[in-house]
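Throughout, a chain's letter reflects where its sequence line sits, starting with A, and its residues are numbered from 1. The structure presented is a predicted model; accordingly, all values stated were derived computationally and were not measured.
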Amino acid sequence: MPSGGGGGGGECTIVWIRRDLRVEDNPALAAAVRAGPVIAVFIWAPEEEGHYYPGRVSRWWLMHSLSQLQSSLGSLGASFITKRSTDSVLSLIQVVKSTGATQLFFNHLYDPISLVRDHRAKESLTEQGIVVRTFNADLLYEPWEVNDDKGRPFNTFSDFWNRCLSMPYDPAAPMLPPKRIISGDVSRCPSDTLVFEEESEKGSNALLARAWSPGWSNANKALTTFVNGPLVEYSVNRRKADSATTSFLSPHLHFGEVSVRKVFHLARIKQVLWANEGNKAGEESVNLFLKSIGLREYSRYISFNHPYSHEKPLLGQIKFFPWVIDENYFKAWRQGRTGYPLVDAGMRELWATGWLHDRIRVVVSSFFVKVLQLPWRWGMKYFWDTLLDADLESDALGWQYISGTIPDGRDFDRIDNPQVEGYKFDPNGEYVRRWLPELARLPTEWIHHPWSAPGSVLQAAGVELGMNYPLPIVELDAAKSRLQEALCEMWQQETAWRASIENGTAEGLGDSLEETPIAFPQDSQMEVDQEPIRNNLATNARRYEDQMVPTLSASLQRVEEEPSSDRNSDGSSRPEVPTDRAMNPQPGRQTLNLLQTFRNNNIPQFNINLGLQNAHESTAESSSSGRRERDGGVVPVWSPSTSSYSEQYVGEDNGIGSSSSYLQTHPQSHQLISWRRLSQAG
DNA sequence: GAGGTTTTTTC
DNA sequence: AAAAAACCT
């Protein structure tokens with residue numbers, strides 16, 4: 001390496017900060033501090049995320065979280081560089097060169113885009129003679145550590161989580177923050193000013209600060225408050241839509257402002273305490289809370305093992321589901337004008353605050369998929385754009401669960417009744433009244449089903465159905481029969497498809513074993529976020545026409561060459577989330593080395609090896625197929641096993657209902673049987 | 001406290 | 001809808 005030159009800065013370590021915006025229990029940072037002088041770097045390269053350009057509230061959070069981290073690092077003595085980039089890896093190389101650093105440390109991420117990008121970073125920098133080390137900061141256990149008795153990954157959450165809770169070793173104990181950091185020389189590496197907020201967004205964002213305080217020290221406060229307060233009653237309160245009894249940690253956890261291990265440890269300490277006191281409810285509360293932590297873990301686990309889970313069902317049957325492509329439905333849902341009060345209240349809360357109780361997330365997303373039968377990825381995208389804690393892995397898991405496209409997901413043909421759920425989660429109608437002022441005067445008896453209220457009641461409450469509050473956009477009975485028909489159609493299509501595969505005439509569908517994704521709606525059809533909400537919706541009645549909707553266009557605009565017009569399958573359109581674009585031009589090579597991105601801490605190797613060897617073979621082989629080349633052909637290394645995972649489910653009797661016996665009948669679940677066969681079909 | 005019912009939960 | 005848990009006799 002060239003020496004640091006006049007600056008004398010050489011021999012220092014770059015800590016690449018991403019979604020680990022904390023100084024406490026940050027393994028990459030701690031290791032770097034131990035190794036000598038440190039420079040922390042944050043690279044803002046949102047274009048790399050493709051469709052998943054962070055939404056307004058998410059960027060707002062990041063902006064504040066970063067500034068807190070910057071001042072904390074500063075007071076510890078470290079330099080913090082920020083870079084604006086369209087290619088993180090290139091920027092890293094530049095930073096390394098201009099600082100004369102010899103090492104790069106960072107913590108693992110598990111979303112599909114990061115997996116590929118981080119691997120590329122490791123490869124490129126290693127080639128430059130830089131020592132690259134990576135760490136687990138985000139999970140209790142790394143995905144490859146948690147396997148069944150045969151060394152294979154789990155396919156259901158409960159099995160996964162039971163194993164996590166009974167691992168032979170505990171999750172690493174949280175580390176204290178460094179006392180002092182020696183800074184590397186940044187004199188020749190200027191920071192870029194990062195802009196996270198557009199002018200038009202400032203008004204809306206100002207409101208967020210009333211309810212939320214981003215940043216690692218605030219995250220710690222939130223954790224302490226929760227653990228010492230609402231946690232003990234978590235099990236009792238958890239079902240109320242409207243209460244402040246959840247932990248509110250999810251945005252903090254998303255950005256890594258607090259370590260999940262610390263959360264785990266603190267909760268466990270309380271649990272032991274309450275167990276000794278014989279406080280059964282408290283003990284159970286901790287179990288339930290930890291389970292939600294476990295779901296977060298599982299979402300990373302899924303994403304790592306099945307890196308297309310944010311855009312493709314894990315179970316393949318739904319491939320042929322005839323989604324209703326109706327942007328008016330979509331719009332009504334977003335605006336909270338479906339005619340189902342609980343759904344509408346939730347959607348308006350989401351829009352106004354960027355937040356939604358987990359229960360309500362389930363209600364609105366289930367309504368979206370089962371009643372409206374809109375494609376789940378639209379809903380997921382909207383969540384991504386509007387949620388303060390938008391998180392690709394968690395949201396993908398959530399939507400796949402709701403859509404019934406994971407082995408332990410909701411039943412396909414089950415439709416939840418928003419009226420019933422309304423009385424379950426909001427028995428007194430307070431939540432609905434808060435978010436739907438136009439219904440505020442309706443008696444509780446009718447609040448969750450105004451359509452069946454007597455005219456006199458409606459009149460007394462000032463409700464005019466169809467005028468100031470809509471009639472149900474889809475009747476539940478109609479939804480049920482439409483869903484039945486849709487499922488029938490799906491079976492038929494699938495049967496036909498399977499037959500055509502067997503006859504070797506699978507042309508109409510090409511050789512694609514992937515679902516052809518339905519494009520997101522075009523910009524022009526989405527409203528624009530004209531004007532921020534200035535008043536508190538909670539107390540200010542507005543007519544529903546006033547309800548504003550965030551725009552998806554910010555995200556869509558950044559995606560170059562998106563063929564947003566082809567929303568029907570013609571077999572040749574590409575998946576629209578560009579995970580495989582401009583990421584890595586060498587599918588075959590990437591395969592083996594990818595593991596090394598992670599495996600530098602003597603990680604037990606388990607079956608990941610096996611899976612990857614297979615993946616390697618298969619990728620190499622399939623990369624010669626026409627389709628892959630046409631697409632520019634790069635796939636994260638796990639992709640083949642993902643495909644086989646879903647395809648094998650498809651191969652089951654009729655897919656549905658057979659998942660419980662799946663493991664017995666398919667011991668090789670994680671490998672690549674049908675991939676090869678199918679990729680040859682073209 | 002075994003056996004049958006109702007309620008709750010399902011990621 | 002089905003399983004688990006809680007609640008009855």
**Message:** Regarding Arg410(A) and Tyr401(A), do their side chains bring together a donor and an acceptor under 3.5 Å, going by distance alone?
**Reply:** yes

**Request:** Report yes or no: is there a donor-acceptor pair, N or O only, under 3.5 Å between the side chain of Arg410(A) and the base of dT9(B)?
**Result:** no

**Prompt:** CZ of Arg361(A) versus C1' of dC11(B): gap in Å, rounded?
**Reply:** 13 Å

**Message:** Rounded to whole Å, how long is the line connecting atom CG of Asp411(A) with atom P of dA1(C)?
**Reply:** 8 Å

**Request:** Take the protein atom CZ of Phe157(A) and the nucleotide atom C1' of dC11(B), then report the distance between them rounded to whole Å.
**Result:** 7 Å

**Item:** Separation of dC11(B) P from Ile293(A) CD1 (nearest whole Å)
**Value:** 17 Å

**Message:** Less than 4.0 angstrom between a side-chain N/O of Lys291(A) and OP1 or OP2 of dT10(B), yes or no?
**Reply:** yes

**Message:** Please report the interatomic distance CH2(Trp376(A)) to CZ(Phe368(A)), rounded to the nearest 0.5 Å.
**Reply:** 11.0 Å

**Request:** In whole angstrom, give the distance that lies between atom CD of Glu393(A) and atom C1' of dC11(B).
**Result:** 15 Å

**Asked** How would you label the contact of Asp358(A) with the nucleic acid (heavy atoms, under 4.0 Å): base, sugar-phosphate, or nothing?
**Response** base

**Request:** Can you tell me the distance, in whole Å, between the CG atom of Asn287(A) and the C1' atom of dA4(C)?
**Result:** 15 Å

**Request:** Would you kindly say whether Asn428(A) and Thr444(A) are connected by a side-chain donor-acceptor distance under 3.5 Å?
**Result:** no

**Item:** Ionic contact status for Arg18(A) with Asp118(A), cut-off 4.0 Å
**Value:** yes

**Interatomic distance, Tyr423(A) OH vs dT7(B) P [rounded to whole Å]** = 19 Å

**Message:** Can you measure Leu397(A) atom CG to dT10(B) atom P for me and round it to whole angstrom units?
**Reply:** 13 Å

**Request:** Determine the Euclidean distance between corresponding C1' atoms of dT5(B) and dG1(B); express it in Å to zero decimal places.
**Result:** 16 Å

